[in-house]
Amino acid sequence: MRKPIIAGNWKMNKTIGEACELVTDLKGMVADVTDVDIVVGPVFTVLSSVAEIIKDTNIGLAAQDMYWEESGAFTGEISPVMLKNVGCDYVIIGHSERRAYFGETNETVNNKVKAAHAHGLKPIMCVGEKLEDRESGITEKVVKDHVVNGLDGLTEKQMLNTVIAYEPVWAIGTGKTATPDQAQEVHKFIRGLLADMFSSEVAEAVRIQYGGSVKPNNVSDLMAQPDIDGGLIGGASLDAESFTQIVKFK
Ligand code: PGA
């Protein structure tokens, strides 16, 4: 059985004080959870403070992006070595906002996914179609393109330490969740791709999160689907109470 993984993508929110308050509250509220992997994804400037607060707890730490080089003349970027050094376990790669606003491509996503593994970080690789893709019937084509190219060149072991987040772009921050059936259909499709690319054992073991307007009131129906193994939570992860309710979806 795959252990569910619920991750908060805080996006560009929270100053140091706000982040510390949120994660301190959260730490107490989820302390009794052992059957779900819990991850928070704050902005770079608060990673260090949050890492200190969640040390030796059941909460893991994710960054929201990184560059693939270790160091050097790349003004404004941050490296996998630095994320590891500050205490990150995971790194979100290829979020649709990065693809849409910051020129992220399958090629840069693949470089980052490989660099994350090279430095012992587990990538949470985001994939998903835009509204116009869904309306013109090319959802599977787009998702396949993201999955196959983003994961190109990974070993089976690296794949087992990779999380995929399926996030239909039309459902992100819009309040329009994909129905559990719509999400399940794509999750199953992704698992089939993993079986083709790696093996059926690997495909069965990899965790695939759903993301896009996941809230306390819809999480259980999504999680009840056989191929949905967790959630990547934006808006609802900014509040300790609602994120806790999502983590405790059972
Ligand atoms: P949302 O964001 O939960 O606010 O829709 C999800 C995401 O973008 O990861």
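Side chains are part of it too, since the values below use all heavy atoms of this structure and drop only hydrogens, waters and symmetry mates. Being a predicted model, the structure only gives us computed values, none of them experimental. First listed ligand is number 1; within each ligand, the first listed atom is number 1. For the single chain, residues carry numbers from 1 onward in sequence order.
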Problem - Structural part of Asn9 in contact with ligand 1, heavy atom criterion under 4.0 angstrom - result: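 Just the side chain.
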Problem - Connected via hydrophobic side-chain network under 4.5 Å: Val36 and Val214 - result: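 Val36 and Val214: one cluster.
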For [X], the ligand 1 atoms whose distance to one of its heavy atoms is below 4.0 Å:
X      : result
Lys11  : 2 (O), 7 (C), 8 (O)
Gly212 : 5 (O)
His95  : 7 (C), 8 (O), 9 (O)

Exercise for the section: Identify, for atom 3 (O) of ligand 1, the protein heavy atom at the shortest distance, and state residue, atom and that distance. Expected result: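 Heavy-atom neighbour on the protein nearest atom 3 (O) of ligand 1: Gly234 N, 2.9 Å.
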Handout entry: Nitrogen or oxygen atoms of Glu167 and ligand 1 under 3.5 Å apart
Key =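 Yes; the residue has a nitrogen or oxygen that sits under 3.5 Å from a nitrogen or oxygen of the ligand.
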Handout entry: Distance-only N or O hit between ligand 1 and Gly173, under 3.5 Å
Key =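 Among all N and O atoms of Gly173, at least one is under 3.5 Å from an N or O of ligand 1.
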Decide whether [X] and [Y] meet the rule of one side-chain donor and one side-chain acceptor closer than 3.5 Å.
X      : Y      : result
Lys114 : Asn110 : yes
Gln64  : Trp10  : no
Ser79  : His119 : no

Practice task
Can you label the angle between the Phe74 ring and the Tyr67 ring as parallel, tilted or perpendicular, going by 30° and 60°?
Solution key: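 Tilted.
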Exercise for the section: Using salt bridge (charged side-chain N to carboxylate O under 4.0 Å, His left out) as the criterion, point out the one residue from Lys11, Lys112, Arg99 that pairs with Asp65. Expected result: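 In the set Lys11, Lys112, Arg99, the residue that makes a salt bridge (charged side-chain N to carboxylate O under 4.0 Å, His left out) with Asp65 is Lys112.
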Practice task
Answer yes or no: is there an ion pair linking Asp37 with Lys122, defined by an N-O contact shorter than 4.0 Å?
Solution key: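 No, Asp37 and Lys122 are not salt-bridged.
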Exercise for the section: Look at atom 4 (O) of ligand 1 and find which of Gly235, Pro168, Ala171 reaches it with the closest heavy atom. Expected result: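 It is Gly235 that holds the nearest heavy atom.
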Problem - Ser237, Ala236, Ser213: member with heavy atom nearest to atom 1 (P) of ligand 1 - result: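 Considering heavy atoms of Ser237, Ala236, Ser213, the nearest to atom 1 (P) of ligand 1 sits in Ser213.
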